[in-house]
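What follows is a set of notes on a single structure, which appears directly below.
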Amino acid sequence: MTLSNVLRKLRKYNKKNYYQLKFCIVFAVMLISSFISTVLNPAIQNVLPSGGDSRKMIYMIFAVAIIGCTIFTIYAARLFLRYRSRETGIFMALGAEKKQLSKALYGELVKISVSYSSIGIITGIVISYITLKIFQVFFPFGIGNPSLISIGGILVSVLFSFVVGISMLVLAVTFMKRTNIIDVLNEQRTNESVKYQLTKKYLIIGIICLISGILIAGVGIQVYSRLTKQTLGAWVNLFYLLSLFGLYRILMYAVAVHKRGRNPQKYYRNLISYGLLKFQGKSVVKNMLIVSLLIICSLFACLYSPTKYMSDWEIIEKNPVDFSLSYPLSADEIDKVDIDNLAEKHDVEIKDYWEVEFIRLLGSGVNRDNIDDEGNLIEKYEKEYVYYSFMDETTFNQITGENLKVADGTYFMIRKSSMYENQYNKYSDLDYVQNRFSRIEKELEYAGTAEHDGLVALTGFDNLARYVISDTDYATLKKDLPDDMIVKNILFNVNDLESSYAFARDLYKEYCNRASGDMLKMTAYDEHQEKLSLEENGYYGYGDQIFPNAEHPEEFCDWKYAPFFKILDINNGFISFGVFYMLFIYVSVICLAAVGIIGYTRSMTVAVKNKQVFIDVRKLGGNNQYLKKILADQIRRVYSLPTLVGCSVMVLWYTIMLWQNDGRIVLSEIKIVFVELALCAVIGLYQYIVYRISMKQGEKVVITDEGI
């Protein structure tokens with residue numbers, strides 16, 4: 001009988017030892033393939049804002065998914081090699097050449113990798129297509145018709161499969177390089193014990209490092225930047241390594257240090273368990289650290305979309321205006337007659353109708369777009385900066401019901417409740433305006449802010465800023481302004497917002513179709529900045545024409561004159577939330593799968609490596625219940641400690657992140673914290689289920705010879 005035949009029979013006899021490796025390869029490749037095929041599908045690409053933060057976050061979280069999948073396939077491969085170590089050592093002891101064994105092992109791994117990666121890729125593509133089709137049924141206006149195959153998705157999936165295969169081969173080569181037969185035979189029993197005494201000082205330093213890293217990177221850097229107006233760059237995230245170092249010390253102390261304390265009997269009853277933990281402390285802690293980080297990543301993936309959605313939803317709900325649209329008087333746009341006709345068609349009742357005029361004047365400002373060589377924010381005052389919009393105090397008071405008094409020569413900046421000053425944007429930057437057509441100039445003084453969400457255009461800063469000035473100043477500065485420098489802002493409410501969706505879509509379609517060429521500009525477009533850029537280098541990046549999709553208002557468009565229709569924003573926000581959450585849930589599943597595989601692998605490693613200890617304990621009189629108790633003490637810590645630490649760190653860090661965004665915690669953010677706590681409970685339940693599965697399999701190894 002040849003060596004190949006012997007190995008084939010061994011594979012058939014020990015096929016259960018191959019299941020985990022095959023499952024992990026298929027599962028990892030399937031998740032990556034389905035995720036990237038979904039992201040790169042044209043139907044999703046049309047929904048994701050080009051260059052937006054959400055798109056960047058998705059690709060960042062995808063990188064985490066790749067790391068998570070790679071980690072748990074590597075762990076599965078290591079466990080597989082441990083299973084193979086004994087038979088490899090026996091073959092070497094019987095005289096088999098290492099070259100023959102290496103060739104057989106490499107060939108086997110290549111065959112498994114190629115076969116099951118192919119299954120994973122095909123399964124991932126099918127799952128991606130089915131998922132998108134289901135999503136299209138629930139959100140017919142959300143995404144377009146998905147394509148069955150994404151070339152980019154296939155290429156990335158194949159590349160990931162190649163990386164996984166190479167990683168497995170590298171592990172196999174390292175494994176086969178060992179020349180000592182005894183080392184190979186004892187591969188399953190090697191441990192990384194803690195050989196030095198840990199004190200409370202060790203733990204205290206760990207706690208200080210953990211909290212300091214989070215506070216410095218999460219809060220301190222932001223505060224420093226605001227106070228010094230200095231941008232430090234991405235390198236400041238290295239402070240999180242300090243937290244990682246502290247987390248390692250905390251876990252090491254929890255695993256390796258056990259004292260008699262006030263209940264010495266408990267200590268002595270668990271002496272064997274404590275000794276085993278310390279004996280393999282380093283390897284256990286490394287696993288726990290990875291699991292803790294994966295739990296943190298999983299929670300972040302689950303929380304990002306709800307946080308963004310709940311924050312955006314709260315902003316939308318706070319807006320007292322249901323419909324708002326703006327356009328220059330020079331444009332042949334819809335008016336009240338057109339709106340009334342569409343409202344009658346859809347049986348919608350219009351109420352609280354307002355038409356507001358804003359005059360656009362060139363004003364001063366502070367350019368904060370650049371930093372110097374040392375990272376300091378450059379603040380350059382420019383007397384002629386961008387065009388701003390101004391309304392008179394009487395109109396403002398009529399719309400808002402307030403009694404705002406604006407003295408001549410002063411102004412109030414109109415702000416949303418969610419707006420706040422930071423190092424880049426200030427309310428008081430303006431101090432001078434001019435009407436270039438009548439050549440009237442005027443110095444203005446900041447008098448404060450006036451809050452009204454419905455009168456703010458998009459971000460509300462820079463060229464989108466709107467101000468309230470006195471009636472006298474308004475009349476003076478408006479003189480000789482052409483129609484293209486006067487913006488009409490139509491605002492109105494409806495009697496039943498929920499039933500106005502069809503009306504809103506038709507109104508959006510009509511508004512887009514009638515938009516003039518000078519309206520089709522990017523959000524950051526400004527006539528004065530365009531003039532300066534063209535004179536300086538002949539090109540202005542924000543001057544390109546944009547094309548809003550009149551049929552699909554849910555598609556993101558970087559449009560300066562984008563209207564606000566509350567019902568569309570609510571529905572479209574939910575669609576975007578669904579798309580993003582679907583993608584982020586993939587990442588969460590990947591991370592949790594890695595957590596489960598690593599936890600299960602570590603549990604089986606504990607059982608296999610300590611088999612001889614359990615045999616010796618039985619010889620000393622320990623029964624099966626006592627052996628199970630020792631095993632439970634070992635395996636329980638594999639799950640409980642990293643779950644507790646990962647969830648606690650994430651709750652602390654995410655709460656700090658929510659606070660440091662604007663120095664406050666609003667209602668939507670409080671809700672997110674409760675959502676986070678609920679997710680922690682779900683992860684705890686998941687970990688308990690995997691723990692019970694691991695215990696069941698571990699008992700088979702410890703109590704019987706199964707799995708050895």
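- Under the rule for a side chain to side chain donor-acceptor pair (under 3.5 Å), the partners of Tyr654 that lie at least two apart in sequence or sit in another chain are Thr307.
- Ile204 meets the side-chain contact (heavy atoms from CB on, under 4.5 Å) test with Ile208; sequence neighbours excluded.
- Residues forming a side chain to side chain donor-acceptor pair (under 3.5 Å) with Ser128 (at least two apart in sequence, or on another chain): Thr38.
- In this structure Ser298 satisfies the side chain to side chain donor-acceptor pair (under 3.5 Å) test together with Ser588, sequence neighbours excluded.
- Side-chain atoms of Ser115 do not come within 3.5 Å of backbone N or O of Ile112 as any donor-acceptor pair.
- Residues forming a salt bridge (charged side-chain N to carboxylate O under 4.0 Å, His left out) with Arg636 (at least two apart in sequence, or on another chain): Asp633.
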Start with the C-alpha gap between Glu317 and Ile570, add the side-chain angles, then the distance that decides, and say whether side-chain contact (heavy atoms from CB on, under 4.5 Å) holds.
-> CA-CA 9 Å; Glu317 281 295 307; Ile570 290 174; 3.3 Å; yes
In residues 678-687, what donor-acceptor pairs under 3.5 Å come from side-chain atoms, sequence neighbours left out?
residue, atom, partner, partner atom, Å
Tyr686, OH, Leu592, O, 2.6
Gln687, NE2, Thr643, OG1, 3.0

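- Every residue two or more places apart in sequence or in another chain that forms a side-chain contact (heavy atoms from CB on, under 4.5 Å) with Ser167 is listed here: Ile74, Val163.
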N/O donor to acceptor pairs below 3.5 angstrom from side-chain atoms of residues 153-162, sequence neighbours left out:
residue, atom, partner, partner atom, Å
Ser157, OG, Ser33, OG, 3.3
Ser157, OG, Gly153, O, 2.7
Ser161, OG, Ser157, O, 2.9

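- Applying the side-chain contact (heavy atoms from CB on, under 4.5 Å) test to Lys696 and every residue at least two apart in sequence or in another chain returns nothing.
- The heavy-atom pair separating Ala77 from Leu171 by the smallest distance is CB-CD1, 3.9 Å.
- The backbone N or O of Val645 sits nowhere less than 3.5 Å from a side-chain atom of Ser648 that would complete a donor-acceptor pair.
- Judged by distance alone, the side chain of Tyr688 and the main-chain N or O of Tyr639 form no donor-acceptor pair under 3.5 Å.
- By the side-chain contact (heavy atoms from CB on, under 4.5 Å) test, Leu289 is found to be paired with Leu244, Leu247, Tyr248, Leu251, residues two or more places apart in sequence or in another chain being considered.
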